[in-house]
Protein chains: 2
Amino acid sequence: MIKRSTAQDVAKAAGVSPTTVSFVLNNIEGMRISPETRDRVLEAARTLNYHPDSSAQKMARGKTSVIGLVLRQNPEKAYADLFIQDVMQGISSVIRENGYQLLFIPLPPEDKEKSYSKLINERHVDGLIVSGPTEDDYELVEAFNDGAKIVLMGKILGSHIPFIDIDNQKSAEMAVAHLAALGHERIGIITNAPLNFASSKDRLQGYRNVLEKNDLPFDEKLVVLGDRTPESGYLAIQELLKVEPLPSAVFIASDTVALGAMNALYENGIHVPDDMAVVGFDDIALARYVIPPLTTIHLPAYSLGLGAANMLIQQINNDFKESSEIILQTRLIIRESSGRNL
Amino acid sequence: MIKRSTAQDVAKAAGVSPTTVSFVLNNIEGMRISPETRDRVLEAARTLNYHPDSSAQKMARGKTSVIGLVLRQNPEKAYADLFIQDVMQGISSVIRENGYQLLFIPLPPEDKEKSYSKLINERHVDGLIVSGPTEDDYELVEAFNDGAKIVLMGKILGSHIPFIDIDNQKSAEMAVAHLAALGHERIGIITNAPLNFASSKDRLQGYRNVLEKNDLPFDEKLVVLGDRTPESGYLAIQELLKVEPLPSAVFIASDTVALGAMNALYENGIHVPDDMAVVGFDDIALARYVIPPLTTIHLPAYSLGLGAANMLIQQINNDFKESSEIILQTRLIIRESSGRNL
DNA sequence: GCGCTTTGCTAAAACGCTTTAGCAATATAA
DNA sequence: TTATATTGCTAAAGCGTTTTAGCAAAGCGC
């Protein structure tokens with residue numbers, strides 16, 4: 001194993017001090033370095049294949065240049081929810097630009113041992129983007145109050161943690177209103193996740209609002225909980241199929257869950273949209289390729305990631321340009337799974 | 001912002017030296033610490049909410065406890081290939097157990113600026129799992145020869161880098177042989193990725209082998225390149241539909257690509273499997289939920305991730321139990337998309 | 001009471017960088 | 001010519017750990 005070369009080595013090779021090496025390599029302004037010296041250092045660094053040790057830099061500079069994306073889910077499910085992929089793309093794009101790296105952190109909700117402060121205190125990360133926080137994440141609030149740099153995707157009521165989110169309630173209303181407008185009077189719902197997630201609760205509320213506005217009765221039996229995976233949708237829709245009388249449409253508050261549900265419908269010989277209209281939520285990349293293509297709510301996942309990363313970096317730099325509470329617009333994408341007027 | 005507490009602070013609070021703090025907290029054997037002192041240190045650490053600074057530990061210990069998963073793809077596509085999700089799960093499970101963390105590193109093939117050695121030399125990571133290396137990744141070989149700890153998922157011919165892989169050629173043979181056995185005589189192929197990826201090339205070779213074995217002619221027009229995404233499949237299948245005479249079956253060497261292709265078939269009113277039989281590759285979680293459910297080659301993605309992580313950790317510890325070349329078994333999963341005998 | 005071992009702890013160096021303060025040499029101004 | 005500014009660099013401290021070497025006190029055998 002060839003030994004890594006250090007700033008010392010470069011300094012010696014170039015006949016200067018490590019200080020000068022640091023100045024040259026970091027392009028420090030205001031430090032006068034003659035062009036010849038600069039070239040010599042650069043040359044030495046290149047021939048020695050020098051790369052500064054990031055840990056040493058962290059120590060010296062007091063920052064890590066790593067930001068963490070924490071997914072408040074089991075590791076098994078963390079990667080299952082497809083919309084997170086677009087989010088990651090958005091985050092990646094700004095992060096790279098600013099010289100940060102992304103650390104991926106699945107953090108199961110039941111993991112209660114001071115995980116956030118651990119993450120931050122151990123200086124693994126400069127800041128955190130937390131996706132899908134639960135409603136009662138006291139530890140997160142505490143960490144933020146202790147000075148941790150945090151941006152939420154979603155929100156925690158009553159906290160002052162900056163967040164970027166969509167209007168889940170209004171978006172769900174759009175989805176269900178579409179179904180109602182098509183003439184459906186008995187509409188089921190499969191939630192995206194358990195109800196301790198704010199997004200689930202809000203989407204369910206949106207569903208109820210539309211029923212009320214259209215004088216449709218609310219039937220608890222038509223509410224089934226999903227849990228982010230196709231599997232959960234596959235199971236959930238079976239529950240719905242047991243209900244009498246059968247709904248003619250279902251709003252599934254997650255495309256990923258909807259994929260599983262649609263398969264179960266197919267297996268049961270129930271045709272979408274003729275026998276059962278379906279509207280999803282998220283507009284994952286695959287939604288357009290499902291058979292039949294899925295009517296859904298377009299959630300600007302890429303922008304969500306982009307915005308969150310921007311907010312976080314601003315926060316880290318104590319440089320607040322934008323508002324610390326951003327709500328992004330969604331829109332209804334009508335494809336085939338919702339069918340036509342009854 | 002409440003100041004982070006350091007080992008110094010704990011030492012002072014417990015009335016001992018930082019050395020003792022370190023001994024207690026790391027449970028160093030052979031160092032005699034009285035139970036009372038130990039308790040005092042532990043107590044102080046708890047009340048001060050002490051967490052060791054990971055960078056400082058890295059410096060002192062010379063290791064980072066982070067391993068990198070590098071995806072040899074554009075960041076845009078890195079998350080699109082769904083099978084990688086299962087791989088990540090497998091990796092995560094061993095990594096957690098061993099106290100490592102996962103750093104996610106999309107590394108575009110065109111990114112030629114010494115990226116691997118940069119990663120390793122900057123000490124961001126202790127080791128690397130490289131997914132889908134291209135055939136001619138000299139830099140990777142060089143990094144390995146320089147002592148970097150690397151495990152490949154896939155392989156590079158002629159290098160001695162440990163790898164874990166499947167037999168792509170044989171697996172593709174299974175897929176195409178299934179189609180041939182059903183009576184198809186004109187079978188197309190959409191590759192999973194461009195042909196500079198070893199897996200693509202091998203799968204194509206498997207396809208050719210079966211044609212030959214069954215005395216079926218090889219027609220270049222029936223070979224279209226996919227590129228890991230549903231979009232690429234959507235486009236690729238249209239190429240195939242222009243060919244005269246039309247194939248009656250197609251082997252799509254990636255389920256993710258197949259999803260897009262199947263949608264295009266649907267849009268063109270071509271029924272799967274009656275008008276066109278389809279066999280995929282990977283057996284992503286969704287394959288079972290596609291309509292119609294996808295016949296495919298089950299690739300043990302989880303085990304792949306698990307095995308790779310294990311091999312890497314052994315390599316890091318210079319503790320070679322298992323072989324450094326592992327081939328995992330695949331199997332054909334027959335669902336509906338391949339249909340019945342013609 | 002003398003040497004020897006064991007116990008329980010600590011001092012100090014090391015890891016590889018950044019950054020502040022400052023110094024010598026040269027250039028400029030008066 | 002002397003005072004002052006500028007240029008081009010470096011010494012050394014500091015970041016928060018781990019770890020090696022070693023020291024004082026206590027215990028033990030004789």
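As a basis for the values below, the full set of heavy atoms in this structure was taken, side chains included, without hydrogen atoms, waters or symmetry mates. Protein chains get the first letters and strands the later ones, always in sequence-line order, with residue 1 at the start of each.
Residues T19(A) and S22(A) have side chains that never bring a donor and an acceptor to within less than 3.5 angstrom of each other.
In this structure, the CD atom of E29(A) is 18 Å from the C1' atom of dT20(C), given to the nearest Å. The separation between K63(B) atom NZ and dT19(D) atom P is 11 Å, rounded to whole Å. Residue K58(A) contributes atom NZ, which lies 14 Å from atom C1' of dC15(C) at whole-angstrom precision. To the nearest angstrom, C1' of dC15(C) lies 8 Å from CG of D53(A). Taking atom CG of L25(B) as the reference point, atom P of dT19(D) lies 13 Å away to the nearest angstrom. Atom pair Q57(A):CD and dG14(D):C1' shows a separation of 16 Å (rounding to whole Å applied). To the nearest angstrom, P of dC17(C) lies 14 Å from CD1 of I28(A). Rounded to an integer number of Å, the gap from OH of Y50(A) to C1' of dT18(C) is 10 Å.
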For nucleotides 9-12 of chain C, give me every protein contact, N/O to N/O, under 3.5 Å, one pair per line with atom names.
residue	atom	partner	partner atom	Å
dC9(C)	OP1	S34(B)	OG	3.4
dC9(C)	OP1	T37(B)	OG1	2.3
dC9(C)	OP2	S34(B)	N	2.7
dC9(C)	OP2	S34(B)	OG	3.2
dC9(C)	OP2	T37(B)	OG1	3.3
dT10(C)	OP1	S17(B)	N	3.4
dT10(C)	OP2	S17(B)	N	2.9
dT10(C)	OP2	S17(B)	OG	3.0
dT10(C)	OP2	T20(B)	OG1	2.5
dA11(C)	N7	T19(B)	OG1	3.4
dA11(C)	N6	T19(B)	OG1	3.1
dA12(C)	N6	T19(B)	OG1	3.2

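Qualifying side chain to side chain contact (heavy atoms under 4.5 Å, CB included) partners for Q8(B), counting only residues two or more places apart in sequence or in other chains: T6(B), P18(B). Judged as a side chain to side chain contact (heavy atoms under 4.5 Å, CB included), and not counting sequence neighbours, the contacts of A198(B) are E135(B). By the side chain to side chain contact (heavy atoms under 4.5 Å, CB included) test, A56(A) pairs with D53(A), M59(B), sequence neighbours left out. Scanning for side chain to side chain contact (heavy atoms under 4.5 Å, CB included) contacts around A301(A) gives F83(A), D86(A), V87(A), L299(A), with sequence neighbours left out.
The stretch residues 12-27 of chain A participates, sequence neighbours left out, in no salt bridge (Lys or Arg N to Asp or Glu O under 4.0 Å) pair at all. The salt bridge (Lys or Arg N to Asp or Glu O under 4.0 Å) contacts involving residues 30-44 of chain A comprise E43(A)-R46(A), where partners must be two or more places apart or lie in separate chains.
In this structure, the nucleotide among dG16(D), dC15(D), dT18(D) sitting nearest to the side chain of R61(B) is dT18(D). Comparing dC17(C), dT19(C), dC15(C) by their nearest atom to the side chain of S22(A) picks out dT19(C). When distances are taken from the side chain of M59(B) to each of dG16(C), dC17(C), dT18(C), the shortest belongs to dG16(C).
Taking side-chain N and O atoms only, Q8(B) has no distance below 4.0 Å to OP1 or OP2 of dG16(D).
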Which atom pairs, one a donor and one an acceptor, fall under 3.5 Å between side chains of residues 153-164 of chain B and the rest of the protein, sequence neighbours left out?
residue	atom	partner	partner atom	Å
S159(B)	OG	I156(B)	O	3.2
S159(B)	OG	I161(B)	N	3.3

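When the C1' atoms of four end pairs are superposed on the next four at each end of the helix from dG1(C)-dC30(D) to dA30(C)-dT1(D), using five pairs per end, the two resulting axes differ in direction by 50°, to 10°.
L69(A) CG to L128(A) CG: the interatomic distance, rounded to the nearest 0.5 Å, is 8.5 Å.
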